[in-house]
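As the structure is a computational prediction, the values presented were derived from the model and not from experiment. First the proteins, then the strands, lettered A, B, ... as listed; each starts at 1.
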Amino acid sequence: MRGLQMRLEGRRLVRAVANRPDMRWPLPVALVDTLVGARVIGFRRRAKYILMRLDSFWSVLIHLGMSGRMVIGPAGRNAVTPHEHLELETDDGWRVGFVDPRRFGSVDLVETAHEDAHRLLAGIGPEPLDDAFTVKVLEAALAGKRTPMKAALLDQKVVAGLGNIYVSESLYLAGISPLRLAGTVPGLRARRLVPAIKATLTEAIAAGGSTLRDYVQPSGELGYFQQAWKVYGRAGEPCPGCPGEPTCPGVRRIVQSGRSTFYCPRTQK
DNA sequence: CAAGAATCCTGTCAGC
DNA sequence: TGCTGACAGGATTCTT
């Protein structure tokens, strides 16, 4: 969102082209007409959605799905991939493309005054970096739940914006087993989990932000935060919390509701 | 009602 | 080199 913001905020859109309407949900018929001629007046993020506000009382709601990315470059160049489903061009000569090979992403229009009433945003849980996301709030959301913690944190109604990677990372940092039933977490563990989630996301955003600051590479390489992963994708490696610990079994990979989970069986209970 | 499975789609990578 | 199958950062919808 910040990458888009610095290129688009304050600019007028002089061109918009929808190359493929069949995303996760069909692009709204009025999308191109709404975009062309509009000025971008601001950005907001909610959960994993980007909201781009126009001066016409409309906001553009963007979700990147699993494979989506925004590419930014000088205007006049052709699409860099056949998967650039939406193209925008600014009045100061920049071009922004929405690239999404798997097309799990989506773009929709919503009235700015009623953004949070959009069906995709209604019912989503608290923003993890808000002060309103407290131990008390998390405990209330987990109370009585019989799902494993992995599934509970992936549930956007419990807390907004955690994906598969950050769930593993947050649980590792908090010393909580991904297998533990959510209803048993309130108490000591919830008190550790809230700061663990905040720290994980803050660090990831800082790492991502550092490459977005000079973005432009249309390759869209994201390589940044991977360096900082403690357990995700590290099956078999000794986990960072157990240096020299002879009983450390190393990071283990399991599958929970069809998704990979990585954790340390020794430190996460 | 809640929880797990199936589903959408394409690219990449390991193994043969 | 080329083929096949497994798997991938998400989230809704269907089934149990």
A:V14 meets the side chain to side chain contact (heavy atoms under 4.5 Å, CB included) criterion, sequence neighbours left out, with A:E89, A:D91
Identify whether any heavy atom of [X] sits under 4.0 Å from a base atom; if not, whether one sits that close to sugar-phosphate; answer base, sugar-phosphate or nothing.
X      : result
A:R24  : base
A:R253 : sugar-phosphate
A:G258 : nothing

Rounded to whole Å, please give me the gap between [atom1] in [X] and [atom2] in [N].
X      : N      : atom1 : atom2 : value
A:R102 : B:dT12 : CZ    : P     : 12 Å
A:E169 : C:dG9  : CD    : C1'   : 12 Å
A:M23  : B:dC9  : CE    : P     : 12 Å
A:D22  : B:dC8  : CG    : P     : 14 Å
A:I62  : C:dG10 : CD1   : P     : 18 Å
A:K150 : C:dG10 : NZ    : C1'   : 12 Å
A:L154 : B:dA5  : CG    : C1'   : 14 Å
A:K145 : B:dA3  : NZ    : P     : 5 Å

Short side-chain N/O contact to [N] OP1/OP2 from [X], under 4.0 Å:
X      : N      : result
A:S67  : B:dC9  : no
A:R103 : B:dT10 : yes
A:R259 : C:dG9  : yes
A:H83  : B:dC9  : no
A:Q156 : C:dA11 : yes
A:H63  : C:dA11 : yes

Does one side chain, of A:N19 or A:E87, offer a donor that lies under 3.5 Å from an acceptor on the other? yes
[options]: which one has an atom nearest the side-chain heavy atoms of [X]?
X      : options              : result
A:S260 : B:dA3, C:dA8, C:dG9  : C:dA8
A:P148 : C:dA8, B:dG4, B:dA3  : B:dG4
A:T147 : B:dA3, C:dG9, B:dT10 : B:dA3
A:R20  : B:dT10, B:dA3, C:dG9 : B:dT10

With side chain to side chain contact (heavy atoms under 4.5 Å, CB included) as the test, pick out the partner of A:V60 among A:V110, A:L35, A:V40, A:T34. A:L35
A:I176 and its side chain to side chain contact (heavy atoms under 4.5 Å, CB included) partner, picked from A:L193, A:L153, A:T184, A:L188: A:L193
Is the positively charged end of A:R119 above the ring of A:W25, judged by distance under 6.0 angstrom from the centroid and angle within 45° of the axis? yes
Rounded to whole angstrom, note down the P distance from B:dC9 over to C:dC14. 15 Å
Please state the P separation for the pair B:dA5 and C:dC7 - nearest whole angstrom. 15 Å
Keeping the roles fixed (side chain from A:R252, backbone from A:A235), state whether a donor-acceptor pair exists under 3.5 Å. no
By centroid distance (under 5.5 Å) and plane angle (under 30°), are A:F104 and C:dA11 in a stacked arrangement? no
Could you please name the partner base of C:dT4, counting Watson-Crick and G-U wobble pairs only when both distances are under 3.5 Å? B:dA14
Report the base-pairing partner of B:dC9 (Watson-Crick or G-U wobble, both distances below 3.5 angstrom), or none. none
